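Note that ligands are numbered from 1 as they come in the structure, with each ligand's atoms numbered from 1 the same way. Just so you know, these numbers come straight off a predicted model, no measurement behind them.
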Amino acid sequence: MTGGLPSTGPLLEVRNLRVGFDTRRGLVEAVRGVSFTVGRERVAIVGESGSGKSMTGRAILRLVRAPGHVAADRLAFRNTDLLALPERDMRALRGRRIAMVMQDPKYSLNPVMRIDRQLGEALRAHGRLSAREARARMIAMLEDVQIRDPERVLRAYPHELSGGMGQRVMIAMMLIPEPELLIADEPTSALDVTVQLEILRILDGLVRGRGMGLLFISHDLRLVSTFCDRVLVMYRGRIVEEIGAARLSEARHPYTQGLLACLPRIGGGHDMLPVLDRQPEWEEA
Ligand SMILES: Nc1ncnc2c1ncn2[C@@H]1O[C@H](COP(=O)(O)OP(=O)(O)O)[C@@H](O)[C@H]1O
Ligand SMILES: [Mg+2]
């Protein structure tokens, strides 16, 4: 277990990250020179749909698939150069040291396997446990994500759980290997507003309690400001502003101000700014 080691420097260093797609109509630049670091803190990437947030997160885990390609001056996790890492080592790192939670638990939970079996497999992969110990661990884990009837949930198939329950189970599963960094890409956008807040509160408590780093990707600036220390605002593949979450009201960039002016709607779903007077110079670095 590496979670308790003292760390020097940031967990994650990203310098001049670029993600491009070769398409029939030429090169589409999804990420155009993004730089940031993440320590044991909560950092948000915010921007409207299509601004390059997910590609940034996926590039870190080397999950951008062809025809996409990734380049960076530096992409390092605790001083390990992620771009140079052999795929085998990358696979070992993924999930174990950097975990990713995505929007829909359907993509991460196996639909034909009961929850106890899935959690059991994840636990076994992490270390040797007797059946009894594993059971006790599973129940404790589900209680950590504030599931009140863990026995019922353990017996269930994913489709028998509500979206919020499924997401809790997924968070519990992601945390089994005690990752140092968690990338959460719109982890609650598919859920309704009250459930979103509940899940984010649980996630926030776990991240802080374990001293992990969090990279929280979202289109909702107000939401992330509650759960993050720092916010990186992305617009068309670039970071246009970086600001402390407590200081959002002092945001200088008109795009950030525009995002702030976009009140979240009950029920959510809308992640495109309706009216915003976009300036061409926002596209410059
Ligand atoms: N397979 C693809 N082919 C071409 N362009 C793509 C592809 N996938 C993503 N993109 C481009 O990458 C941009 C950023 O995508 P993404 O990172 O998913 O945005 P976000 O997560 O901010 O909504 C999109 O606007 C799109 O132009
Ligand atoms: Mg996305």
Side-chain angles (χ1 to χ4, degrees), residues 12 14-36 38 42-72 75 82 94 98-108 163 167 170 174 181-191 196 199-200 203 214-225 227-228 230-243 253 255-256 258-260 262 264-265 268-274 276 278 280 282-285:
L12 179 72
V14 177
R15 207 185 304 143
N16 196 21
L17 172 69
R18 284 151 286 148
V19 180
F21 289 88
D22 293 316
T23 71
R24 273 179 299 164
R25 285 181 293 148
L27 176 68
V28 174
E29 293 179 283
V31 180
R32 304 186 295 158
V34 155
S35 302
F36 61 93
V38 182
R42 304 166 303 157
V43 178
I45 299 183
V46 167
E48 65 194 326
S49 178
S51 54
K53 308 181 298 293
S54 292
M55 286 305 150
T56 300
R58 296 181 70 84
I60 294 163
L61 285 169
R62 285 203 352 220
L63 291 171
V64 174
R65 277 187 277 273
H69 43 85
V70 174
L75 191 60
L82 295 178
R94 249 184 240 130
I98 309 179
M100 190 158 182
V101 181
M102 280 177 291
Q103 183 170 330
D104 197 334
K106 283 192 203 85
Y107 296 114
S108 307
Q167 204 60 323
M170 221 186 48
M174 292 297 155
L181 178 67
L182 182 69
I183 301 177
D185 189 351
E186 309 264 11
T188 59
S189 300
L191 306 172
Q196 273 192 33
I199 304 273
L200 289 175
L203 185 65
L214 173 69
L215 186 60
F216 180 20
I217 297 173
S218 172
H219 61 270
D220 189 334
L221 182 53
R222 287 182 186 276
L223 187 70
V224 301
S225 67
F227 295 102
C228 284
R230 254 182 327 125
V231 180
L232 313 171
V233 182
M234 271 187 93
Y235 178 70
R236 296 216 191 163
R238 287 207 167 95
I239 293 175
V240 294
E241 182 159 30
E242 176 178 344
I243 188 165
H253 199 282
Y255 179 67
T256 314
L259 287 176
L260 274 172
C262 259
R265 273 143 292 230
H270 229 286
D271 59 355
M272 201 59 192
L273 284 177
L276 193 62
R278 287 151 203 276
W282 295 0
E283 303 209 12
E284 308 310 318

Legend entry - N, O or S atom of S54 closer to the Mg ion (ligand 2) than 2.8 Å: yes
Inset, instruction - Return yes when S51 approaches ligand 1 closer than 4.0 angstrom through a heavy atom, no otherwise. - result: yes
Legend entry - Nearest heavy-atom neighbours spanning V31 and G52: CG2-O, 3.6 Å
Inset, instruction - To the nearest 0.5 Å, tell me how far I45 CD1 sits from K53 NZ. - result: 9.0 Å
Legend entry - Test item: V34 and L232 side chains (from C-beta on) under 4.5 Å apart, heavy atoms: no
Inset, instruction - Run down the list A66, G68, S54, S218 and name the one with the heavy atom closest to atom 21 (O) of ligand 1. - result: S54
Inset, instruction - Answer side chain, backbone, both or neither: which part of T23 comes under 4.0 Å from ligand 1, heavy atoms only. - result: side chain
Legend entry - E48 contact mode with ligand 1 (heavy-atom cut-off under 4.0 Å): backbone
Legend entry - Geometric N/O contact K53 with ligand 1, under 3.5 angstrom: yes
Legend entry - Nearest non-hydrogen partners of V101 and M170, listed with the distance: CG1-CE, 3.3 Å
Inset, instruction - Please indicate whether any nitrogen or oxygen in G52 is less than 3.5 Å from any nitrogen or oxygen in ligand 1. - result: yes
Inset, instruction - Please confirm whether F21 comes within less than 3.5 Å of ligand 1 when only nitrogen or oxygen atoms on both sides are compared. - result: no
Legend entry - Shortest non-hydrogen contact between E242 and R230, atoms and distance: OE2-NH1, 2.5 Å
Legend entry - Short N or O distance, M55 and ligand 1, threshold 3.5 Å exclusive: yes
Legend entry - Closest approach of S54 to D185 (non-hydrogen atoms, all atoms of both residues): OG-OD2, 2.7 Å
Inset, instruction - State the CG-CG distance between L203 and L214, to the nearest 0.5 angstrom. - result: 6.0 Å
